[in-house]
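In what follows, a structure is listed as structure tokens, so that the remarks can point back to it.
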Amino acid sequence: GGSETPPSQCVGPEYRPATQKPTATVSKPLDQVPNIHILPQTPQLIALLTMIRDKNTGRADFIFYSNRIIRLLVEEGLNHLPVVGHEITTPVGRTYAGVKFEGKICGVSIMRAGESMEQGLRDCCRSVRIGKILIQRDEETSKPKLFYDKLPEDIADRWVLLLDPMLATGGSALMAVEVLKSRGVPEEHILFLNLIASPEGAKRFAEQVPKVRVVTAFVDQGLDEKNYIVPGLGDFGDRFYTL
Ligand code: URA
């Protein structure tokens with residue numbers, strides 16, 4: 001991938017005519033892939049992504065702006081959890097017909113980069129349980145290999161928010177889903193939160209685990225020969241943790 005013209009859009013507030021808005025590259029739509037939910041390509045989101053994609057953005061800003069996108073992903077992800085009706089009484093004695101979340105959730109981060117998304121989840125879901133999965137490419141076979149996992153005992157009874165910022169080939173995410181399924185989590189109870197996906201990774205993932213819902217901020221152009229997402233942002237874990 002990566003050779004066709006990327007989709008572009010006029011970006012700016014609605015009161016501005018199109019001629020007064022700059023053109024920016026927006027997410028590929030991926031209409032043919034069900035269960036992929038791409039965040040609305042708002043001026044805010046595009047500005048935040050511009051900050052974290054810039055190679056001249058230092059670590060402090062990278063963390064700050066990534067965290068803002070992660071927060072948007074978590075907030076949108078929560079919209080995919082079921083609710084039940086919940087009527088309450090307000091301080092002025094009137095009733096309000098509302099809803100509340102039904103069921104228990106937990107987070108599962110794919111180490112190391114996925115751990116960057118844990119705080120955003122905690123900020124929205126106080127004291128949420130968070131499990132971890134470590135998957136690394138096996139040097140000999142070049143296939144992803146499970147090195148470590150630690151998951152809540154009762155994970156089969158929870159909705160799982162799977163966390164990984166970059167969906168490149170989809171190999172690690174697919175293996176993580178298989179681990180969750182082996183612990184009794186139904187595919188349809190898994191929600192994958194992702195910052196940037198490659199079109200090929202997103203398609204492969206959706207084909208192999210069609211009931212897992214994906215919430216992503218952006219579907220990029222493609223992959224390069226080293227399986228980096230392009231234009232991408234480089235190595236997310238390095239930029240967030242060590243660069
Ligand atoms: N992981 C990253 O951190 N970056 C990529 O581009 C692909 C996978």
Side-chain angles (χ1 to χ4, degrees), residues 1-4 6 25-28 30 33 36 38-39 45-46 48-70 72-74 107-121 132-139 141-148 161-179 192-206 208-209 212 214-243:
S3 51
E4 336 115 71
T25 306
V26 295
S27 173
K28 277 183 183 257
L30 282 197
V33 187
I36 289 236
I38 304 168
L39 292 186
L45 179 61
I46 299 297
L48 297 171
L49 282 162
T50 305
M51 288 299 299
I52 66 167
R53 286 177 184 280
D54 188 341
K55 67 174 184 182
N56 294 318
T57 295
R59 201 168 77 92
D61 280 336
F62 186 84
I63 292 170
F64 181 82
Y65 292 104
S66 302
N67 281 339
R68 287 188 54 195
I69 303 174
I70 291 163
L72 295 174
L73 288 168
V74 173
V108 171
S109 60
I110 301 178
M111 295 160 73
R112 159 183 71 149
E115 292 174 295
S116 67
M117 301 172 76
E118 293 177 1
Q119 192 57 48
L121 179 59
K132 300 200 188 242
I133 291 180
L134 177 62
I135 293 161
Q136 306 247 260
R137 199 160 292 279
D138 188 307
E139 294 296 333
T141 67
S142 89
K143 287 201 174 112
K145 185 178 163 191
L146 177 66
F147 277 83
Y148 169 90
L161 284 84
L162 184 62
L163 310 174
D164 194 355
M166 305 297 276
L167 174 64
T169 64
S172 307
L174 282 166
M175 178 163 275
V177 169
E178 291 314 316
V179 173
F192 181 38
L193 303 185
N194 170 254
L195 265 85
I196 302 182
S198 78
E200 45 271 68
K203 282 176 205 158
R204 177 177 171 217
F205 188 84
Q208 294 203 22
V209 288
V212 175
V214 181
V215 177
T216 187
F218 207 98
V219 179
D220 236 353
Q221 276 310 110
L223 295 173
D224 71 8
E225 58 292 343
K226 289 154 96 187
N227 282 338
Y228 276 92
I229 298 174
V230 289
L233 49 70
D235 187 292
F236 190 95
D238 282 354
R239 296 193 65 190
F240 197 96
Y241 287 113
T242 51
L243 210 67

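Values reported hereafter were calculated over all heavy atoms of this structure, with side chains retained and with hydrogens, waters and symmetry mates removed. Order of appearance sets the numbers: ligands from 1, and atoms from 1 within every ligand.
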- Aromatic ring pairing Phe205/Phe192, orientation class (parallel under 30°, perpendicular over 60°, tilted between): tilted

- Message: Restricting to non-hydrogen atoms, name the atom on Pro231 and the atom on Arg53 that form the minimum distance, rounded to 0.1 Å.
- Response: CG-NH1, 3.8 Å

- Would you list the pairs meeting salt bridge (Lys or Arg N to Asp or Glu O under 4.0 Å) in which at least one residue belongs to residues 167-179, sequence neighbours left out? Glu178-Lys181

- Task: Please name all residues satisfying side-chain contact (heavy atoms from CB on, under 4.5 Å) with Phe64, sequence neighbours left out, ordered by chain then number.
- Result: Arg68

- Query: Got a sec, which residues hit ring pair (Phe, Tyr, Trp, His ring centres under 6.0 Å) with Tyr65, two or more places apart in sequence or on another chain?
  - Reply: none

- Task: Collect the protein residues that have a non-hydrogen atom under 4.0 Å from ligand 1 and hand them over in chain and number order.
- Result: Met166, Ala168, Asn227, Tyr228, Ile229, Gly234, Asp235, Phe236

- Message: Please give me the minimum heavy-atom distance between Ile52 and Arg239, naming the atom from each residue.
- Response: O-NH1, 2.8 Å

